[in-house]
Every structure is written in C-alpha cells, then in structure tokens.
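A quick write-up on the structure given underneath.
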Amino acid sequence: MRYISTRGQAPKLNFEAALLTGLARDGGLYVPEAWPQWSASQFKKLAGRPYADVAAAVTRPFVGSSLKSAQLDKAIAAAYGTFRHQAVAPLVQVDESLWLMELFHGPTLAFKDVALQLLGQLYDIVLKERGERITVVGATSGDTGSAALEACKNRQSIDIFILHPKGRVSEVQRRQMTTIEADNIHNIAIDGSFDDCQDMVKAMFNDPKFRDRVNMSAVNSINWARVMAQIVYYVTGALALGAPDRAVNFAVPSGNFGNVFAGYAARAMGLPIDRLIVGSNRNDILTRFFNSGQMKMSKVAPSLSPSMDIQVSSNLERLLFDLFDRKGKKLGEAMTAFRETGSFAAPKKGWASTAKLFKAHRLDDRETLAAMRDIYKRTGMLVDPHSAIGIAAALEARKAGKANGRSVATPTVALATAHPAKFPDAVEKATGIRPALPAHLADLLARKERLSELPNDLGKVQDYVLAHTRLGHNR
Ligand SMILES: *Cc1c(COP(=O)(O)O)cnc(C)c1O
C-alpha cells in the first residue's frame with residue numbers, strides 16, 4: 001500500500017514512512033493511493049471475532065510490507081491489552097434502533113486511546129528497527145494530549161511536546177496530561193485557542209530546517225495511522241448489528257473530522273454504512289458545511305464539549321480530496337484560498353452524494369445539557385457532553401428520516417467518545433450526579449502537576465522544543 005498527499009506535490013510513501021512523516025511536505029495529508037476493496041464474505045468472516053483479530057485483518061492491507069504479521073499482531077495485543085473492557089469497544093443498546101459504542105475504556109478515558117495506544121506501539125517497533133529517534137509535537141483541544149503522552153511516555157526513541165490552549169481544557173483533562181511522570185514528555189500551555197496551537201504545529205512542519213533538525217513527527221489526527229486504527233471499531237460495530245447483510249448508520253460527535261473520516265474509510269472499503277451523522281457544538285463549521293456546501297470560518301468559542309472547539313477541521317481535507325476527484329493541485333489551491341478568504345464552496349460535482357451520506361446537526365450548550373438530562377431520564381445512563389451531542393444528532397436524523405418516510409429499521413451506532421467522569425461538572429449540571437473517576441485515576445486531583453506556559457509565538461515555542469528535545473542536543 002502506498003500513500004499520496006492530498007495536495008499532490010509530495011513524494012508517495014509506504015506505511016512506515018507515512019507513520020513517521022505525519023503532515024506531507026506540501027502541506028497535505030497522506031491518504032491511501034486506493035481504498036482496499038472487501039467483499040461481503042471477507043467482512044462476514046470477522047463477525048464474532050475478538051477485537052484484536054478484527055484489528056489485525058482491517059489494518060493488514062494498510063500496513064502492507066512495512067511490518068511483519070507477527071509484529072503487527074504483537075503491537076495490537078499490547079495496545080488493546082491496556083483497555084479495561086475486554087471487548088475494547090462494547091455496544092450498549094439505548095432503544096429499538098439506537099446503540100451506544102463505548103470507546104472510552106482506554107487509559108485516558110477518551111476514544112483517542114484506541115488509535116494512540118496502537119500508534120505508540122507502531123512507533124516503537126519502527127524506530128527500534130531503524131535505530132532512530134523522533135520528536136513528536138502535537139496540539140490538543142483536551143483529549144489527544146493525554147492519550148498521546150500515555151502512549152509515548154518512557155519510550156527511549158521519542159521526545160514528546162504537547163501544546164494545549166491555556167485555561168480552555170477541563171481540569172481533569174489538564175491533570176491527565178500534567179501529572180504523568182516521565183522525562184521524555186513536555187506539556188506547554190499556550191496563551192491562545194486550540195486553532196492557534198494547531199497552526200503552530202503545522203507551521204513547525206512547514207519549516208523544513210526545524211522539522212529535519214528534531215526529526216519531527218505528528219500524533220495529531222493528521223497522522224494516517226490514527227485514522228487506520230479507528231476504522232476497526234466501525235467494522236466491529238457494524239458486524240455486531242448485522243452487517244454486511246444490513247446497513248448501519250453511525251453518529252459521531254466531531255471536531256477535527258478524524259473519527260468520522262474513519263467511518264468514511266470503512267464505507268469506502270465496502271462496509272455497508274448508510275449514513276454518517278455528524279454532531280457539532282456551537283463551533284459548527286462542519287454542520288454548516290454539510291447543510292449548505294459552503295465552508296465559512298468563524299471565531300472559536302468555548303463550549304461544554306472542548307474537544308470539539310475547533311473551526312478548521314484538518315481531516316476534512318481527506319474527504320475534500322475525493323470530492324475534488326483526487327486532484328491534489330486543485331485542492332491545494334482551494335485550501336490556500338480558504339486560508340486567505342475564510343470561505344470555500346464545495347465542488348458541485350459529487351456534492352449530491354456527499355450531502356446524502358453525511359447528515360449534520362448542531363447543539364449549543366443548553367441543548368447539550370438538555371440532551372444529557374434526557375438520556376439520563378430515559379435510560380439511567382450518564383454520558384459526557386461530546387457523546388450526548390452524537391446521540392442527539394442520531395435522534396434528530398432519525399426524526400428527519402421518519403418525516404421523509406425513510407425506514408427506521410436501520411440501526412444507528414452513536415459513538416461515546418469520552419467517559420462521563422472526564423467532564424464531571426457538565427454531567428453534574430445536567431443530571432445532579434457527579435460521576436466518579438475509575439480507580440486508576442481516583443487520586444488524580446492530588447497529584448503534582450508539571451507544565452510550562454508560553455505565549456502564542458512560534459519562535460518561542462520552537463526554541464523551547466530545541467532546548468528540551470534530546471535529539472536537538474545531540475546534533
Ligand atoms: C477528539 C474528541 C472528539 C472529536 O474527534 P475528531 O476526530 O476530532 O472529530 C470528540 N469527542 C471527544 C471526547 C474527543 O476527545
């Protein structure tokens with residue numbers, strides 16, 4: 001399997017190189033040259049298999065010759081051995097046609113662990129074999145940071161720097177990052193928004209001298225390997241509910257579009273997914289895009305679901321690449337124009353099928369709290385604000401479908417992306433109940449924090465990375 005850049009101007013890479021490279025040198029994102037095509041019988045063979053077996057089968061064609069089968073199996077076993085639930089991504093039935101998929105049983109209580117635990121293992125294997133070290137620099141709106149730090153902590157071949165917007169992540173999220181004790185991890189609070197943090201990471205990638213000097217890599221969802229790892233639970237979820245013999249919908253609370261893009265990839269491989277339902281908070285660039293075909297940037301505003309407080313959804317570029325008939329140069333020009341003007345219109349050709357596949361719904365904070373309260377009242381389940389947005393979007397899509405005379409029999413899986421205890425204030429506000437942290441994090445609020453504060457200034461952040469990465473010193 002070879003990977004090409006969405007901007008068409010960077011070299012084609014194999015899996016190993018795409019894993020280590022992150023953002024392509026032309027500013028694009030790596031995508032498979034072609035989607036593997038699976039038959040119904042290939043999917044059927046995986047029904048009822050353990051999560052690790054499905055993960056091995058689904059990732060195998062994407063990894064290609066970069067890893068031996070035994071290496072991949074070992075990485076998968078180690079990655080998912082850290083989960084507190086044997087099913088890794090268990091389904092819970094909510095009503096006659098809605099299921100919740102719990103993706104929060106990993107070490108940091110958010111779905112990011114599913115991809116990042118595997119990414120950490122893959123890095124380790126590949127870097128040891130090459131005798132190389134890397135510096136990972138990432139931006140987080142809350143959950144990526146702790147998941148990436150947990151996945152990379154104490155790894156000899158990695159130094160990791162995580163930028164988060166100061167004061168804009170929850171206390172639990174911050175402490176999950178700043179209380180990890182390991183010499184190779186660095187937390188930086190930036191005086192700015194998540195988009196500022198993400199822009200700085202992109203700018204560092206677009207600075208070849210800096211990038212080469214520290215051998216920089218990315219754990220943000222621009223890294224293809226993360227999308228790949230996430231395809232797996234779309235497959236296990238759909239198979240459990242009757243695929244490939246019947247179609248399934250997925251509802252996904254979305255920020256950077258990484259999670260839901262994995263659903264798109266699963267569908268491109270042949271998994272019968274009828275609808276991908278996107279939920280957003282007041283930062284609703286995605287929902288406006290799918291409802292109008294127009295993308296218009298606006299300011300990021302803080303919300304109860306901080307992991308989705310994003311205006312520029314990086315992974316959308318991977319979808320746009322297909323919408324642009326995989327013409328990278330044209331897409332590159334459009335993305336540059338979007339950066340300059342803050343607006344963008346989807347190409348007319350292909351839009352009808354995109355608009356049919358993706359349904360989108362937005363909730364403000366008041367509606368999010370109401371959704372959390374409603375789910376609790378109806379089912380007794382406590383859900384975090386992000387998951388509640390996905391569930392509400394699923395219910396909204398079902399209502400709209402009924403109005404259009406669509407069959408309601410198609411099951412929908414709403415992805416629960418965080419454990420309720422990760423956002424205890426919002427859960428308590430909505431339901432009156434304060435969810436307790438699982439045992440392994442029970443003393444989190446008493447642990448000592450370690451972090452540095454820096455201004456929203458690229459030069460200062462680069463200096464900090466150079467001063468602290470072990471690689472920078474050696475050269
Ligand atoms: C990251 C995150 C999201 C958004 O996922 P994307 O892949 O960025 O769309 C949603 N919910 C939670 C809890 C998250 O941590």
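Order of appearance sets the numbers: ligands from 1, and atoms from 1 within every ligand.
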Salt-bridge present (Asp284, Arg362; N to O < 4.0 Å):
yes
State which residues pass salt bridge (charged side-chain N to carboxylate O under 4.0 Å, His left out) with Arg155; sequence neighbours excluded, sorted by chain then number.
Asp124
Tell me whether the rings of Tyr264 and Phe358 are parallel (<30°), tilted (30 to 60°) or perpendicular (>60°).
parallel
Ring-plane angle category for Phe43 and Trp38, please: parallel below 30°, perpendicular beyond 60°, tilted otherwise.
tilted
For a distance cut-off of 3.5 Å, show me each N or O of ligand 1 paired with any protein N or O, plus the separation.
residue  : atom   : partner : partner atom : Å
ligand 1 : 7 (O)  : Gly258  : N            : 3.2
ligand 1 : 7 (O)  : Asn259  : N            : 2.9
ligand 1 : 8 (O)  : Asn256  : N            : 2.7
ligand 1 : 9 (O)  : Ser254  : OG           : 3.3
ligand 1 : 9 (O)  : Gly255  : N            : 2.8
ligand 1 : 9 (O)  : Asn256  : N            : 3.2
ligand 1 : 9 (O)  : Phe257  : N            : 3.1
ligand 1 : 11 (N) : Thr417  : OG1          : 2.8
ligand 1 : 15 (O) : Lys112  : NZ           : 2.5
ligand 1 : 15 (O) : Asp143  : OD2          : 2.4

For the pair Asp199 and Arg339, find out whether any cationic side-chain nitrogen is under 4.0 Å from an anionic carboxylate oxygen.
yes
Please state whether the rings of Phe62 and Trp224 are parallel, tilted or perpendicular, taking 30° and 60° as the class boundaries.
tilted
